[in-house]
Amino acid sequence: MSKDWKTRTQLVHQGSRRSQYGEMAEAIFLTQGFAYDSAENAEARFLVPQDDEFVYARYGNPTTRMFEERIATVEGCEDAFATASGMAAVSGALMAMLKAGDHVVAARALFGSCLYVLENILQRYGVLVDFVDGTDLSAWERAITANTKAVFFETMSNPTLEVIDIKEVACLAHAKGALVLVDNVFSTPIFSRAVDLGADVIIYSTTKHIDGQGRALGGVICGTKAFIRGVVEPYLKHTGGAMSPFTSWIMLNGMVTLDLRCRAMATSALEIALSLQGDARLSKVIYPGLDTHPQAALVALQMGSGGTMISFELAGGKEAAFTFMNGLKIIKISNNLGDAKSIATHPATTTHSRLPQDQKDLLGISYGLIRLSVGLEDPLDLIDDIKSGLNLI
Ligand SMILES: *Cc1c(COP(=O)(O)O)cnc(C)c1O
């Protein structure tokens, strides 16, 4: 194994651990515990567990460790901790490092459950949280103070696909001694090198592109060894958010094709976005890879790709949006993303339905807005499906 391998090689081989049988595929160690050679061995392992030693699956498991090593290396991080879901990773990373009186600055445009954790749970425990427009650097600068312990944002916002300048926000945060935690789901591990741009902690819902076939919930926190083993692990191993070995095996296998899938999906997404541009039935086509995206230059610099998600707004509002969605034959109506199957979502009535109207307005979540997760189908079939849906309006 080598940290010098290119990403695609790492995605296939990094972190593999073979048992004495030399199995080709990664083994699923479907076990909660481990037997010790002797009482002395048990005592020693509890005292100072060595790198390849395990004591209990809530603390760590060989299959889960393989996944953690693979994703950490691909991210360019020293270590990672895998969790039962993306939200276990987001809430775990924040709860592990914060205490009452600490201050957090977060971007306002967040995945619903991330917003709940910051707005309701953390504040209930005395953590002070301020929200800013993530694309407004002067707002970050004003909000981050000497008491700010963490800044948190999604590197690409959901569902309006605004891109946050990781490097600039990290500079502002580091100047005040705050850690930079990013939820990098929409950017994927393939298109974003968040750690090179200054992010300290990178969080994924592996439910999305990393699984890539909509099978299992999972999450992961990537960071320095000191943060992962010193701050995150003590919190998560005692509060119980560990990833199951079976899920880890699914995620390990998902990673093998991650690069190929993300690139194929992004190529299709660009093709689809170009075919939608200028359609009179649409009042907006948002794709970060289009020249018309307000942050096209930043996207090129930070991601080198527009990613796998498109959002577009039907001029006819909710009625047109529902008629369009109900007319789709290939694209499924659901709310996952990063799946091999293309998915259309109506954020205003599903993922973001609980947001008050003024917040929806502020974030641009109108009733005509559709979020499209582009899958692995032939892009020409997807374009036909979308155009047929639009023709019903
Ligand atoms: C899905 C998602 C999460 C939560 O992940 P789960 O695996 O569903 O718990 C968090 N952040 C973003 C940006 C997501 O898309």
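Worth knowing before you read on, the calculation uses all heavy atoms, side chains too, and leaves out hydrogens, waters and symmetry mates. Just follow the structure's listing: the first ligand is 1, and inside any ligand the first atom is 1.
An N or O contact shorter than 3.5 Å links T207 to ligand 1 by distance. For ligand 1, the polar-atom distance check finds an N/O of G86 within less than 3.5 Å of one of the ligand's N/O atoms.
For atom 9 (O) of ligand 1, the nearest non-hydrogen atom of the protein is M87 N, 2.8 Å. Annotation: atom 12 (C) of ligand 1 to nearest protein heavy atom, D183 OD2, 3.3 Å. Atom 4 (C) of ligand 1 has its closest protein heavy atom at F111 CE2, 3.4 Å. For atom 2 (C) of ligand 1, the closest non-hydrogen atom of the protein is K208 NZ, 2.4 Å.
Contact check on R108 versus D136 returns no salt bridge, with no Lys/Arg side-chain nitrogen under 4.0 Å from an Asp/Glu carboxylate oxygen. Ion pairing between R371 and E313 fails under the 4.0 Å rule for side-chain N and carboxylate O. Residues K387 and D279 are paired through a salt bridge, judged by an N-O separation under 4.0 Å between the basic side chain and the carboxylate. Taking a cutoff of 4.0 Å between a charged side-chain nitrogen and a carboxylate oxygen, R229 and E68 qualify as a salt bridge. Residues D79 and K225 are paired through a salt bridge, judged by an N-O separation under 4.0 Å between the basic side chain and the carboxylate.
Enclosure of atom CD in E141 is not indicated, since only 12 or fewer non-hydrogen atoms of other residues, nucleotides or ligands lie within 6.0 angstrom.
Contact analysis puts L217 in contact with ligand 1, with a non-hydrogen atom separation below 4.0 angstrom. The closest approach between a heavy atom of G218 and any atom of ligand 1 is below 4.0 Å. Within the 4.0 Å heavy-atom shell around ligand 1 one does not find V90.
Between P189 and L258, the closest heavy-atom pair is CG-CD2, 3.8 Å.
Ligand 1 places these atoms under 4.0 Å from at least one heavy atom of S205: 1 (C), 2 (C), 3 (C), 4 (C), 5 (O), 6 (P), 7 (O). Every atom of ligand 1 is numbered from 1 in the order shown, and the set under 4.0 Å from a heavy atom of S85 is 7 (O), 9 (O).
The aromatic rings of Y56 and Y59 sit perpendicular, their planes meeting at an angle over 60°, well past the 30° parallel limit.
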